[in-house]
Amino acid sequence: MDTLLWYVEIALDYGFQMLPCVLVAALVFFCLIPWRKRRLTRRGLVSGSLREGALLLFVVFTMGLAALTLSPPGFWYQLLYGYPITFQFGLNHGFFWQITIIQDLLQMGSWSFFMLLGNLCMFAPLGFFPALLWSAPRWWKSALIGFCASAFVEVFQLFLPRSSDINDIILNTFGALCGFWLYLLLRRLAPRAAAKFKCRQLEVPDGRNTGDTAAPA
């Protein structure tokens, strides 16, 4: 039980470190709502409240993920708790090319399992939300988003005092795929609910669904 509570505390600490970027992302999101509505209206589309809520979650999560993965270790902890911020940028040669996922699974300890689960869960939203919010979802699109985002993070971390690992790229890409499969499950179990997260055609006064936002003469 103590071990479980310790892992919960670690997860909450990660969430706390994401908070500054999450708040900034939320502020920018709300400031851009009028511009986004005008842009959608010109295209004859409208974004419902459910979609806007899910889009907000996606935006703040993405920024929070960037805060955790694109900053030096302990940066946000030092900033939030008022400690002196000390780190150095420089080329880090700690890139691990060896794929050890199978070996890690066979010799799975509690910490290894926590890190594996964390890599999957962190990138699952990158596969789930794009499929949920935008048209023409495809599994390869979610996999490509996960792969490109993870590869960018791992390359960027070469210039930070952090290690980069090809295993993370594989797990993160698979995590994005899991997110897409979660979307497929939602669409199968609740197709009407899933459809409400897409943009829909703007209704004009006579009740027709059309891209023309002007009333008929």
Treating Ile, Leu, Val, Met, Phe, Trp and Tyr as nodes and any side-chain heavy-atom pair under 4.5 angstrom as an edge, say whether Leu171 and Trp140 lie in one connected cluster. yes
For Ser135 and Lys141, the nearest pair of non-hydrogen atoms, with its separation, is O-NZ, 4.5 Å
For a side-chain contact (heavy atoms from CB on, under 4.5 Å) check, start with the C-alpha distance between Phe29 and Glu52, then their side-chain angles and the critical distance, and finish with the verdict. CA-CA 10 Å; Phe29 178 87; Glu52 288 297 298; 3.7 Å; yes
Look up atom CG in Leu117 and atom CE in Met122, then write down how far apart they are to the nearest 0.5 Å. 10.5 Å
To the nearest 0.5 Å, what is the distance between OH (Tyr183) and CZ (Phe129)? 13.5 Å
Candidate pair Phe123 and Asn119, rule side-chain contact (heavy atoms from CB on, under 4.5 Å), full reasoning: CA-CA 7 Å; Phe123 276 72; Asn119 276 295; 5.8 Å; no
Do Leu189 and Leu185 have side-chain heavy atoms sitting under 4.5 Å apart? yes
Counting only heavy atoms not in Phe147, do more than 12 fall under 6.0 Å of its CZ? no
Ignoring hydrogens and geometry, is there a side-chain-to-backbone donor-acceptor pair from Ser150 to Gly146 under 3.5 Å? no
Do the side chains of Met63 and Leu160 join up, straight or via other hydrophobic residues, at under 4.5 Å, putting them in one cluster? no
So, the side chain of Lys196 versus the backbone of Arg51: is there a donor-acceptor pair under 3.5 Å, distance only? no
In terms of hydrophobic clusters joined by side-chain contacts under 4.5 Å, are Leu57 and Leu132 together? yes
Rounded to the nearest 0.5 Å, what's the gap from CG on Asn172 to SG on Cys121? Could you check? 11.0 Å
Give me the atom names and distance for the closest heavy-atom approach of Ser71 to Ala67. OG-O, 2.5 Å
What pair of heavy atoms forms the shortest contact from Cys199 to Leu40, and how long is it? SG-CD2, 4.1 Å
Compare all side-chain heavy atoms of Phe128 with those of Ser142 and state whether any distance is below 4.5 angstrom. no
Do Glu154 and Asp168 have side-chain heavy atoms sitting under 4.5 Å apart? yes
Closest contact, heavy atoms only, Phe58 versus Pro125: CE1-O, 3.9 Å
Greater than 12 external heavy atoms within 6.0 Å of Phe174's CZ: no
Would you find a donor on one side and an acceptor on the other, under 3.5 Å apart, between the side chain of Gln157 and the backbone of Ser164? no
Exceeds 12 heavy-atom contacts within 6.0 angstrom, atom CH2 of Trp181: yes
Under the criterion side-chain contact (heavy atoms from CB on, under 4.5 Å), I'd like the reasoning laid out for Thr69 against Phe156: C-alpha separation, chi angles, the key distance, then a yes or no. CA-CA 9 Å; Thr69 57; Phe156 190 87; over 6 Å; no
Would Leu126 and Leu184 show up in the same hydrophobic cluster when neighbours are defined by side-chain heavy atoms closer than 4.5 Å? yes
Taking all heavy atoms of Val22 and all of Gly64, pick out the closest pair and write down the distance. CG2-CA, 4.1 Å
Within the distance-only criterion (no hydrogens, no angle test), does the side chain of Arg200 pair as donor or acceptor with the backbone N or O of Val46 below 3.5 angstrom? no
Do the side chains of Ile169 and Thr173 get nearer than 4.5 Å, heavy atoms only? yes
Got a second to check how far Arg138's CZ is from Leu144's CG, nearest 0.5 Å? 14.0 Å
Nearest 0.5 Å please: distance from the CZ atom of Phe61 over to the SG atom of Cys21. 13.0 Å
Check the hydrophobic clustering (I, L, V, M, F, W, Y; side-chain heavy atoms under 4.5 Å; chains of links allowed) and say if Trp134 and Leu32 are grouped together. no
Before you tell me yes or no, could you show the steps for Arg36 and Leu55 under side-chain contact (heavy atoms from CB on, under 4.5 Å), namely the whole-Å CA-CA distance, both residues' side-chain angles and the distance that decides it to 0.1 Å? CA-CA 12 Å; Arg36 290 181 50 254; Leu55 184 59; 3.0 Å; yes
Roughly how far, to the nearest 0.5 Å, is CG of Leu50 from CZ of Phe197? 4.5 Å
